[in-house]
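A, B, ... follow the sequence lines: proteins, then strands. Residue 1 opens every chain.
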There are 2 protein chains.
Amino acid sequence: MKETDIQTEDKIFEAATRVFTEKGFDGARMHEIAGEAGINKALLHYYFRTKEKLFDAVFSKLAASLFEKFTPLFRPGMSLEEKIRFFYHEHISFLKQNPQLPSFILNELNRNPQRIKKIFEKADVDKIYNMLSQQHPKELAEINITRESMPQIMASIAAMSAFPFVAKGIIGEILQKQGKDFDSFIEERKEFAPEFILAALKNFGKSKKSKK
Amino acid sequence: MKETDIQTEDKIFEAATRVFTEKGFDGARMHEIAGEAGINKALLHYYFRTKEKLFDAVFSKLAASLFEKFTPLFRPGMSLEEKIRFFYHEHISFLKQNPQLPSFILNELNRNPQRIKKIFEKADVDKIYNMLSQQHPKELAEINITRESMPQIMASIAAMSAFPFVAKGIIGEILQKQGKDFDSFIEERKEFAPEFILAALKNFGKSKKSKK
DNA sequence: GTCTATAGAAGGATAGAC
DNA sequence: GTCTATCCTTCTATAGAC
């Protein structure tokens, strides 16, 4: 019966993923998850014991899948500019398939700061800066990216792709009045975001240098 | 007794504001709001009848206060560049005092799309574009802002100030490892955001034009 | 207007049969 | 492993005294 075990556990996990991402921890109901999975409430507890544990399993996996998408930025063999274009293309395509993901993750992370530490021994800006400056020493110097300015720049890069999804409600509504829709806005964004960031970085580097 | 009525109603409203912004609608508990207000659960219902109605009152006011901050962008007498600098300074200062506001508003807006329409008869990008192009015809042309590119640009401008607060959990954690803190990151951002956006707009306009 | 007490519903979790 | 039935707690909301 190992087969069915795994099948059921997976069904539960997928149902929980849907319900939790849509409603959040507080808004999700165990009986709704059971319904989505086509099984019974008691079985949820049989497999995952508590709501909290079920949530943790779902959250950890989703958080990992989200942040994993940043790794291409550190793969060698591409110029910085290529990496940025490639990153946005991949990242936004992924988010388009999972539009509630950024909201969900960022929110639960704000509510439960403890969760952060579990996942983020990795998220060390200094390491990221070291890797980038090894791979792109000239480019970073040219556009004036320093260890100091890294957090501001990284936050801005992430903002360009994640924010539209976090603000999907309003943006969708606004677009609708223009006779446009969210999906084509997002499609455009795959091009717009990297162009915008590259333009900013080029000019930003220049203005900083000329001041000195 | 009108005096005390208003005092109590205000106390409830303020307590509800704190609890709802911190925990969201689903996470908030009426008895916690009552406790925060220093009164009794029954009194909440006496003044606001239901949790839903109390939430609506709080939400409407907060959403209005948040989006109100965008109006300086349409006040005449400033160059576009000055407006952008001024906007970020004011907006980020405001958010620094109310760091959970963007998360709260955007989230509840995603969960309850009906709410949007109540508040946003105003949010019409075309109107905004018309106002801006009347006040800054040359400047807009120079940096190549068109009716078409408005949504992308507006989303990017909003992202630069709102996103750091939405992602406060992670960003704070990452900064901590560098021996920095979120507040000084935000303080820096008042300068960084406008410089970054202005740099992007300048260069973005150029690259688009030179392609044609 | 404000309180105590409580109704009534819903949620998470478990016991026990199959 | 899966189900039904049920316990226990918590939550929103109301009744009724003061």
Side-chain angles (χ1 to χ4, degrees), chain A residues 1-62 100 104 107-108 111-112 114-115, chain B residues 1-62 100 104 107-108 111-112 114-115:
Chain A
M1 304 288 122
K2 268 279 160 79
E3 282 289 320
T4 28
D5 287 23
I6 294 174
Q7 271 189 13
T8 305
E9 192 167 337
D10 282 355
K11 260 193 288 179
I12 293 173
F13 192 88
E14 281 161 28
T17 299
R18 281 196 295 279
V19 175
F20 277 132
T21 49
E22 196 185 327
K23 313 242 168 126
F25 179 82
D26 292 329
R29 295 292 165 249
M30 292 299 263
H31 82 151
E32 191 183 353
I33 295 174
E36 277 271 314
I39 53 132
N40 178 287
K41 264 202 309 177
L43 212 47
L44 293 183
H45 291 95
Y46 175 79
Y47 278 97
F48 291 91
R49 289 201 54 76
T50 69
K51 185 184 182 186
E52 191 85 32
K53 286 198 209 310
L54 176 53
F55 180 84
D56 275 350
V58 168
F59 181 82
S60 303
K61 186 172 174 202
L62 290 183
Q100 312 125 314
F104 171 67
N107 247 296
E108 300 293 347
R111 296 252 158 80
N112 256 311
Q114 315 93 291
R115 291 194 210 288
Chain B
M1 304 289 123
K2 270 276 160 81
E3 281 290 319
T4 29
D5 286 26
I6 294 174
Q7 272 190 14
T8 305
E9 192 167 338
D10 283 356
K11 259 192 289 180
I12 293 173
F13 193 88
E14 280 162 28
T17 299
R18 282 195 294 277
V19 176
F20 277 132
T21 50
E22 196 185 327
K23 314 245 169 122
F25 179 82
D26 291 329
R29 295 292 167 248
M30 293 298 263
H31 83 114
E32 190 183 353
I33 295 175
E36 278 271 315
I39 53 133
N40 178 286
K41 267 201 307 177
L43 212 46
L44 293 183
H45 291 95
Y46 174 78
Y47 278 98
F48 290 92
R49 287 201 55 76
T50 68
K51 184 184 181 184
E52 192 86 32
K53 287 198 207 308
L54 176 55
F55 179 83
D56 275 350
V58 168
F59 181 81
S60 303
K61 186 172 175 201
L62 289 183
Q100 312 126 314
F104 171 67
N107 249 296
E108 301 292 347
R111 296 251 159 81
N112 257 311
Q114 316 91 292
R115 292 194 209 287

Take B:Phe25 and B:Glu52 through the side-chain contact (heavy atoms from CB on, under 4.5 Å) test and state the conclusion after the steps. CA-CA 8 Å; B:Phe25 179 82; B:Glu52 192 86 32; 3.7 Å; yes

Whole-Å distance between [N] [atom2] and [X] [atom1]?
X	N	atom1	atom2	value
B:Arg49	C:dG1	CZ	P	15 Å
B:Tyr47	D:dA13	OH	C1'	18 Å
A:Glu52	C:dA13	CD	P	9 Å
B:Lys51	D:dT10	NZ	C1'	12 Å
A:Leu54	C:dG11	CG	P	16 Å

Please report, to 0.1 Å, the donor-acceptor pairs under 3.5 Å made by any side chain of residues 29-38 of chain B, with sequence neighbours excluded.
| from | atom 1 | to | atom 2 | distance (Å) |
| --- | --- | --- | --- | --- |
| B:Arg29 | NH1 | B:Asp26 | O | 3.2 |
| B:Glu32 | OE1 | B:Lys23 | NZ | 3.1 |
| B:Glu32 | OE2 | B:Lys23 | NZ | 3.1 |
| B:Glu36 | OE1 | B:Arg18 | NE | 2.6 |
| B:Glu36 | OE1 | B:Arg18 | NH2 | 3.1 |

[N] OP1/OP2 closer than 4.0 Å to side-chain N/O of [X]:
X	N	result
A:His45	C:dT14	no
A:Tyr46	C:dA13	no
B:Thr8	C:dG1	no

I'd like a table of atom pairs between the protein and nucleotides 16-18 of chain D - only N or O on both sides, under 3.5 Å - with the distance next to each one.
none

Which heavy atom of A:Leu43 sits nearest to which heavy atom of A:Ile39, and what is that distance?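 Smallest interatomic distance, heavy atoms only, reads CB-CD1, 3.7 Å.
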
Provide the closest heavy-atom pair for A:Ile12 versus A:Tyr47 in the form atom of the first, atom of the second, distance.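 Of all heavy-atom pairs spanning A:Ile12 and A:Tyr47, the closest is CD1-CD1, 3.6 Å.
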
From B:Phe104 atom CZ to B:Glu22 atom CD, the distance as rounded to the nearest 0.5 Å: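 Taking CZ in B:Phe104 and CD in B:Glu22, the distance rounds to 11.5 Å.
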
Give, ordered by number, those residues of residues 19-41 of chain B having at least one heavy-atom distance below 4.0 Å to an atom of DNA chain C; if nothing qualifies, reply none.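 Per residue number, the list reads B:Ile39, B:Asn40.
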
Which atom pairs, donor and acceptor, lie under 3.5 Å between side-chain atoms of residues 54-61 of chain B and protein residues at least two apart or in another chain?
| from | atom 1 | to | atom 2 | distance (Å) |
| --- | --- | --- | --- | --- |
| B:Asp56 | OD1 | B:Arg115 | NH1 | 2.5 |
| B:Ser60 | OG | B:Asp56 | O | 2.8 |

